[in-house]
Every structure is written in structure tokens, then in C-alpha cells.
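Below is one structure, written out as C-alpha cells; the observations come after it.
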Number of protein chains: 2
Amino acid sequence: MVTIGDVARRAGVSRSTVSYVLSGKRAISVATQHRIQEAIEELGFTPNAGARALATSQTMVLGLLLQFHADEFAPAMLQYVLPVSETARAHGYDILMVTDADGPRTIHRIGDSNMVDGFVLLDVTADDPRVPSLREVHQPGVLIGLPRDTHEVDAIDLDFTEAARILVDHLHERGHREIVLVTPPHHVVERGGSYVWRFRDAAIERAARYGIRIHAHYGEAQGSAVRRSMNQILDTWPDATALMVHNDATIAALPTILHERGIRVPDDLSVVSLYSRDFGEEFSLPFTAVESAAYELGHTAVSRLIERIQRGRESVPPQVQLIAPAITDRGSTRNLLPS
Amino acid sequence: MVTIGDVARRAGVSRSTVSYVLSGKRAISVATQHRIQEAIEELGFTPNAGARALATSQTMVLGLLLQFHADEFAPAMLQYVLPVSETARAHGYDILMVTDADGPRTIHRIGDSNMVDGFVLLDVTADDPRVPSLREVHQPGVLIGLPRDTHEVDAIDLDFTEAARILVDHLHERGHREIVLVTPPHHVVERGGSYVWRFRDAAIERAARYGIRIHAHYGEAQGSAVRRSMNQILDTWPDATALMVHNDATIAALPTILHERGIRVPDDLSVVSLYSRDFGEEFSLPFTAVESAAYELGHTAVSRLIERIQRGRESVPPQVQLIAPAITDRGSTRNLLPS
DNA sequence: TCATCCTGTCGAACCGGTTCGACAGGAGTT
DNA sequence: AACTCCTGTCGAACCGGTTCGACAGGATGA
């Protein structure tokens, strides 16, 4: 390993001078700069990250905490990981990715040993045990997902309440009076996935305001169960004119299911949904949907975190940010009103 | 931050004694051990990772290099990431995940600055530019995927050649004489995904040996194109009795496509495929398939890497390991022979 | 001409661990 | 009683950077 001392000797200067050339924190004559640059290139010098972290107490690494739930639809997670990684790198940070099941302990292990400068928490639940831990360590953190207690917390999520309203409004405007809502699975609720009830409650309330009958069901996440459950739901409510789906596994399987039943969209049944843009493209879903911008969420989260790291923890006030969703009309809803 | 010095002072011993208690590398009296343990707990001491890395030149971090190709079916990648992460953690290592497009530079950046103790390269192509870079840095690395030049390289992959033979044999034993093969998209070949031709060539050769007519086509990766291309292929070869699919996006869409065409499996058409177990479960695919154990690949790769890190680079000879695939019969092939 | 300021560089201390050699003192040997 | 050996602990050096204060020497100003 070639050290800063080797470079200094080669260039005939002291170690500190090399350091100042590297950081630019003090003026160094152009001639010396050139000699040092040459030495660096000739020797192939790269600063030792550990030593630098020790001296500066900055690691230029962000901790990304994610958990895989066996009962969850996996492809969704990746859509957040990529923008987090890319945004971090654009600011000179690397990503330490931890999938450990014990989140709180992980935060302390990583944080107390100073392996990272900050944390990104993915898929945060209502009473996520990681949130209090985050307050105990001295690195800042940002959440993707909304906990119940948002006091002094930096969080970002899609505005699921608004999303539900937009979709109900969309159906109401086209004269639908009875709709079926399929939400994420019930165990996601139990786990505390607040987006489930934020969307569900808002949809029910909005429907009630219009006098629309709405039948809310919990969907399934695993292949065969999805199909069975969906068929049962469709059997139960033959008069519903529209389907509102907030469940990736269900919407991915829906084209097949409807085809099997001989149901045409939108002639026989209208369908609206909520999924991320990437997801829709991946499965080329033909449904009118509110699209959650996973990229935007990940990108914004990391940008905010880095700003907070660099400007000091207290300079940037913590903030809960709800991203406004937008609807993309793909013509999967029928207008029942006389024109 | 509480340091080892604080602990030492509290326990009334020297810093080195605390260090020896932590590492167990020298005998320390039980009484002293207890005092130090108490001090550690009272003060909440956690060793600084940077300092430790500096002193030991060990970071206990592995670099995981992966690239996302926009034209690729994303869910597959995640199946490798999880076992890599879990296996690493089980051995006390964390994962630095880098998605940078410039692999060679990343390897040098991360490796030369001593941020990691070793590398895991995912989705390695035939002439992957990262492989030569891996030879230039002083950390060992392990590949998942097979490069053309396997000289002095530690790699692991599924035995795609054998997989193809197993599937052709399976169809041959049931009397099929004309089959259609759908491989991964053509741009994957251009990129150097050697698994494409390892599987394809072996299938064609094996079919030829039996005198089976085989029509090989490149599949698509994106939703709508998948369906279009598949329909076209089916139109072109109406007499084929079996379909052999080596493409995640195609096999995921196949139930829908076949249903739309009114084709029943296996009565009208036999289907065999190659996909990973997790993938099949995710989409509850009902096809007889050779299953690639992504978990096993990731797990084995990391285990080998860690052994090599700990036993010294030369102690463990580099090795190319091809995992033998196994077929799971789900009854999607019809027996055409008179019984 | 001398005090003052600025520029460029150096040496030393420091970050927080690990590890080696030294050594005190008690146990075991002869 | 003198010697050797073993156990437990300490001090100092080291890992490879950063940063602060000091200072030499030339430029500037009065």
C-alpha cells in the first residue's frame, strides 16, 4: 500500500503539504502542486478510507436498512434501492446495505461504531422500532414510509390519502355507484404498514361522501392465493362496476384472472389501481392508475439526508413530506353516465 | 463518543488491557475482565470501525458490485442480493453495495482505498471488464456468472449446459420431435451474458443428437414486446409440440398468453423452463422446470470469498464451480409415446 | 529601513484502535 | 535459596490520514 508519506517523500515535501494539495484547504504553490500530482500518479496513491474516517470522523458512507418479508412482493423493494444508491454516489457517498432482521440493534452496531454518516430506512411501519433507535445514535436518518409518531423525524412518503381520493373521484365522475377495493394483505396491516389504512380509510370516506357503495377486501401476496382470493371477491360482488386495486401482486395477476373469467376491461368492469411507474412498465399493465414515483422518493430522501449531514444536524428542520400522486389515464374505466 | 481510553480509565487499567479483553488474544485475569466488562456496559462503548480498520487493515466489509440494466427483468437480481447479504452477516461482514456503471473504476476506488476486504461480482459477462480490474487490486473477489477467461478466477454459476441437456432429454423421453426454444433477449448476448449461449448451444446440440427439430428464438424482456414476440413465435411453428423457455419475463407472461390463445398445457402444448425456485413461487408458475438455486449460488460465493480472505489469498486455490441443476416435474409435459 | 502582512511549508499532535516487547511477582524446581 | 517459568499488565509504537500553530522569507507600506 502506498501512503501519503510515500508521496511526500517522492515529491520532497512534508505529509501535511500533500494533504493540503489533496483537500485544497490551504494555498500551495503551483510548482509544488504539480510535483505532488506527479508523485501521486506515478505511485498510484489512493487515500486510505479508514485513516481518513478516523481523522475526520466522516466515512462518506450511508447506511441503507431494508427488510425482506417472505410474504411480500419482492420486486417493489428494488425500485427504491436504485435511486438511493445513485443519488448517494452522485454526492460522493457509498451505500452500506444491511438486511438484518433486528433493525434497532443494527442501527446501534453501525452507528455507534461510526461506519456511516447517516441512515436511510426503507419501508417504515407505523410503530417501527427502528425509529426510536435512530434518535439514540448520533447520525441523522431519513425515513421512507410514515411512522405514527412523526415528531422530530425526517420522513418522505407518497400521499396515499390523496391518491385514494383521486381514484374515487375518477370513478365517481364516470357514474360508478358500487366498487370493490382490494388493499394489501392483512398481515401488512398487522405489521404496521400505515399506507394500507391511509389509502383504505380515505377511499371509504370519499366513497361515503358520494354515496358510493364500497367493499374493501384484503388481498394476497403469493401467487396462487392471489388468484383464488380475487375470484372469490369477484363472485361475491357481481354488481360492482369498478375495481380499485392497491396491491402489486394482485394487479400483476389481474389480466390473467379477468381473462379467465371472460371479463373485458373496461366494457364489463372498470379497473383503477395504485402502483409505481416502473412496476407498471415491467408488467405492461394497461390500467388507469395513480403512479407512485419510487425514484423520486428515493432520490429526495437521500438528498435531504446528505444536506442534513453536511449542514449539521440541527440546521435543517426535520420535515414530513408527502409526495402528491398523479393519475395516468389508460382508458380502463368506462363512463356510465349518459353523454 | 466513548473511546477505549475512557473504558480503560473507568476500569483502572491500560488501553491495551481493554483491547486484549475485547479480542481475547492474551490472558487477562477474571477479576479484571469483569471490571472492564462493567465499564464497557456502563459507558456504552463500541469500538470505532475506522480506527480498527486502520490498525488491523481489516474492514469486515465486502463490496457487492451489481449493475442494473434498464432492459433487464429486475426481480431476478434481488434473489442474489439477499443470500449474499445474509451469509456475509452470519460471518460478521457487512455489505457495501455499489451500482455504479463503471465497474473497473469502482473496484479500484473501493479496493485501493481499503474500504472492503473482498468483492462479490454479480451478473458477470463473458468479457467482463471488471475481471481484469479485480486482478489489479489486492483484495480477493468471487464471481457469480462465468467469464470467458477463467484463468485464476474464483467463480460460481449454474451449469446451464447440463440444464439444457436435462430439459431436452425430458422432452425426448416423452416423444417430442419438434420444439421451440425461447432464450433471453438478443442484447443480453451482445452484452456477453454467456449463460444465453451456454444453454442455447447445448440445447441445439442435444436436440440434433436425437434428431429433434428445434427452433431457437430470442425472447424479449419488456412487457408488451414479450407478448407480441411470443405470439408471433407460436404462429410461426404451429406443429411444435413443446416449448422450452429460458427467459423470466416470457415465462411470467406465458400463462396469460397461452390462455388468450386458448392453448391448454400440457394437452395442446408441453412447456418446460429454466428459472429460479423463488421466481417460480413468486409467480406460482405451474411449469416443469430446471430450477437454479439463487440462494445456493449467493451463499456459496460469499462463503468461498470469506474463507479466502481469512486464510490468505493463495491458500485457497481459485476454482470455477458449476452448480448441477435439478428438474422439478410439475406435469406440464405430455407423453406423446404410445404407452 | 524597519515593522507588518501574506504566502507557502513544516513539524507535531491527534483521531482510536492493536500489538509487541518488557517486566513484576508468584509458583514450581532442584 | 537461587533459578526458571508462567501469568497478567503496562507503555510505547504504529496504522495513515488531517489540522493547528509556527515560521521563513518575500512583498508591501509608512
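By convention in this document, chain letters (A, B, ...) are assigned in the order of the sequence lines, proteins followed by strands, and residues within each chain are numbered from 1.
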Gap separating the CD1 atom of A/Ile323 from the CD atom of A/Glu296, nearest 0.5 angstrom:
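Going from the CD1 atom of A/Ile323 to the CD atom of A/Glu296 covers 4.0 Å.
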
For DNA chain D, which nucleotides open and close the run of contacts to chain A, 5' to 3', at under 4.0 angstrom from a non-hydrogen atom?
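Counting from the 5' end, contacts occupy D/dG16 to D/dA22.
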
Applying side chain to side chain contact (heavy atoms under 4.5 Å, CB included), can you list everything that pairs with B/Ser85, at least two apart in sequence or on another chain?
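Applying side chain to side chain contact (heavy atoms under 4.5 Å, CB included) to B/Ser85 gives A/Met97, A/Thr99, B/Ile95.
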
Who passes side chain to side chain contact (heavy atoms under 4.5 Å, CB included) against A/Ala53, sequence neighbours left out?
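Applying side chain to side chain contact (heavy atoms under 4.5 Å, CB included) to A/Ala53 gives A/Thr59.
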
Residue pairs fulfilling salt bridge (Lys or Arg N to Asp or Glu O under 4.0 Å) with at least one residue in residues 18-27 of chain B, sequence neighbours excluded
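Pairs touching residues 18-27 of chain B that pass the test: none.
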
Any salt bridge (Lys or Arg N to Asp or Glu O under 4.0 Å) pairs touching residues 32-47 of chain A, not counting sequence neighbours?
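Salt bridge (Lys or Arg N to Asp or Glu O under 4.0 Å) check on residues 32-47 of chain A returns A/Arg10-A/Glu42.
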
So, using side chain to side chain donor-acceptor pair (under 3.5 Å) as the criterion, who are the partners of [X] when residues are at least two apart?
X        : result
B/Tyr295 : B/Glu86
A/Ser292 : none
A/Glu307 : A/Arg311

Name every residue in [range] that has at least one heavy atom under 4.0 Å from any atom of DNA chain C, in order of residue number, or write none if there are no such residues.
range                     : result
residues 4-14 of chain B  : B/Ile4
residues 47-59 of chain B : B/Pro47, B/Asn48, B/Ala51, B/Arg52, B/Leu54, B/Ala55, B/Thr56
residues 16-44 of chain B : B/Ser16, B/Ser19, B/Tyr20, B/Lys25, B/Arg26

Show the nearest heavy-atom pair for residues B/Pro83 and B/His299, with the distance to one decimal.
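Heavy atoms of B/Pro83 and B/His299 come nearest at CB-N, 4.0 Å.
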
Which residues satisfy the salt bridge (Lys or Arg N to Asp or Glu O under 4.0 Å) test with B/Asp157, sequence neighbours excluded?
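Per chain and number, B/Asp157 pairs via salt bridge (Lys or Arg N to Asp or Glu O under 4.0 Å) with B/Arg198.
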
